[in-house]
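Below: one structure, written as structure tokens.
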Amino acid sequence: MLMKRFFCMAFCALLLPGLFGCASNGSSNINSLAEAEINEYQGEKLGSIKDFRENSIKGPQKVDIKTYRLKVDGLVEKTASYTYAEVLANPKYSKVVTIHYVEGWDVTILWEGVLLKDIFDRSKARAQANTVIFHSVDGYTTSLPLKTILDKNMILAYKMNGVVLPPERGFPFQLVAEDKLGYKWAKWIDRIELSDNADYKGYWEQRGYDNDADFNN
Ligand SMILES: Nc1nc2c(c(=O)[nH]1)N[C@H]1C(S)=C(S)[C@@H](COP(=O)(O)O)O[C@H]1N2
Ligand SMILES: [Mo]
């Protein structure tokens, strides 16, 4: 009898709020528990997702993942249009990279993503292609030399510190533009264009920002 009452109390105290929690809030509670942010990696202290400042040209973008496609076009033999799941089916890589901003501050994050080289290989970049232009859902654009992306093994990130990119951080994909200033880290990317226009200038580059954007410490 005592046991039975104990179980009943345990059930009421633990399980029921849990169940109602699920029913009222969808599965988001459970996801966020399973996806607690990592704050240290191999002894290195990481920055937090909350350390970022949002100053995108049109504010955070809400991308509907059901209709989202990542297009790969321009100087390629095979243009492509991938769903989110198709992009994530590529081999996955993680690395700790610091993002430095023109304003002089930085954040170090454990990024997880797919290698841009794998995406280019699947579309077979043409020999004349020397520039990669990133287009985003908010109309933002930026570019990098193809060689830089390949030499630095740049990734297209879908997670940061073990958590799926939040909308304000560029969900579904942000370019991890290692050693390049913040404005090269395109968020909400929906099109990757291979080009032979090495002088292409993106949104901030047209407005006077240096096209190399090298971070020098
Ligand atoms: N799509 C898109 N990507 C963007 C921007 C933007 O306005 N739109 N701003 C850039 C600039 S200027 C910076 S400093 C970084 C900021 O990234 P964060 O908000 O993730 O720190 O995003 C870059 N990527
Ligand atoms: Mo910026």
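Excluded from the calculations below are hydrogen atoms, water molecules and symmetry mates; all remaining heavy atoms, backbone and side chain alike, are included. Just so you know, ligand 1 is whichever comes first in the structure, and atom 1 is the first atom listed for that ligand.
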Subject >> Distance-only N or O hit between ligand 1 and Arg169, under 3.5 Å >> reply: yes
**OP:** State, with a plain yes or no, whether a side-chain heavy atom of Val176 is found less than 4.5 Å away from one of Val97.
**Re:** yes
Original post:
Taking N or O atoms only and a 3.5 Å limit, does Asn55 qualify as a polar contact for ligand 1?
Top reply: no
Original post:
To which protein heavy atom is atom 24 (N) of ligand 1 closest, and what is the distance rounded to 0.1 Å?
Top reply: Trp185 O, 3.0 Å
Original post:
When you look at Phe134 and Phe173, which way does the ring-ring contact (aromatic ring centres under 6.0 Å, His included) test go after all the steps?
Top reply: CA-CA 11 Å; Phe134 296 89; Phe173 300 112; over 10 Å; no
**OP:** Using heavy-atom distances, let me know which of Leu181, Leu175, Val102, Asp138 sits nearest atom 8 (N) of ligand 1.
**Re:** Asp138
Original post:
What do you reckon, does Glu168 have a nitrogen or oxygen under 3.5 Å from a nitrogen or oxygen of ligand 1?
Top reply: no
Original post:
Which residue and non-hydrogen atom of the protein lie closest to atom 10 (C) of ligand 1, and at what distance in Å?
Top reply: Tyr140 OH, 3.6 Å
**OP:** Rounded to the nearest 0.5 Å, what's the gap from CD1 on Ile192 to CG on Leu156? Could you check?
**Re:** 5.0 Å
**OP:** Would you mind running through ligand 1 and noting each atom that sits below 4.0 Å from a heavy atom of Glu54?
**Re:** 19 (O)
Original post:
Under 3.5 Å, is there a donor-acceptor pair between the side chain of Gln206 and the main chain of Lys201?
Top reply: yes
Original post:
At a 4.0 Å threshold, what atoms of ligand 1 neighbour a non-hydrogen atom of Trp188?
Top reply: 1 (N), 2 (C), 8 (N)
Original post:
If you look at every heavy atom in Leu194 and Ala125, which pair is closest and at what distance?
Top reply: CD2-CB, 3.7 Å
Original post:
Any cation-pi pair here, Arg207 with Tyr203, using under 6.0 Å and within 45°?
Top reply: yes
Original post:
Relative to the heavy atoms of Trp204, which atoms of ligand 1 are at a distance of less than 4.0 Å?
Top reply: 12 (S)
Original post:
How far is atom 19 (O) of ligand 1 from its nearest protein heavy atom, and which residue and atom name does that atom have?
Top reply: Lys187 NZ, 2.4 Å
Subject >> With Lys184, the side chain to side chain donor-acceptor pair (under 3.5 Å) member among Asn211, Thr148, Asp214, Asp212 >> reply: Asn211
Subject >> Heavy-atom gap Gln174 to ligand 1 smaller than 4.0 Å >> reply: yes
Original post:
Does any N or O atom in Ser136 lie less than 3.5 angstrom from one in ligand 1, N or O only?
Top reply: yes
**OP:** Report, as yes or no, whether the 6.0 Å neighbourhood of atom NZ on Lys95 holds more than 12 heavy atoms from other residues, nucleotides or ligands.
**Re:** yes
Original post:
Quick one: does ligand 1 sit under 4.0 Å from the side chain of Ile57, the backbone, both or neither, non-hydrogen atoms only?
Top reply: both
Subject >> Whether Arg53 lies under 4.0 Å from ligand 1, heavy atom >> reply: yes
Subject >> Nearest-contact summary for atom 15 (C) of ligand 1 - protein heavy atom, Å >> reply: Gly182 O, 3.3 Å
Original post:
Heavy atoms, side chains only, cut-off 4.5 Å: are Tyr183 and Glu205 in contact?
Top reply: yes
Original post:
Counting distance only, does the side-chain N/O of Trp188 pair as donor-acceptor with the main-chain N or O of Ser136 below 3.5 Å?
Top reply: no
Original post:
Taking N or O atoms only and a 3.5 Å limit, does Tyr183 qualify as a polar contact for ligand 1?
Top reply: no
Original post:
Tell me: protein heavy atom nearest atom 14 (S) of ligand 1, and distance?
Top reply: Tyr101 CD2, 3.3 Å
Subject >> Listed partners of Asp190 passing side-chain hydrogen bond (donor to acceptor under 3.5 Å, both in side chains), at least two apart >> reply: none
**OP:** Quick one: look at Ala186 and ligand 1, take heavy-atom pairs under 4.0 Å, and tell me if it's side chain, backbone, both or neither.
**Re:** backbone
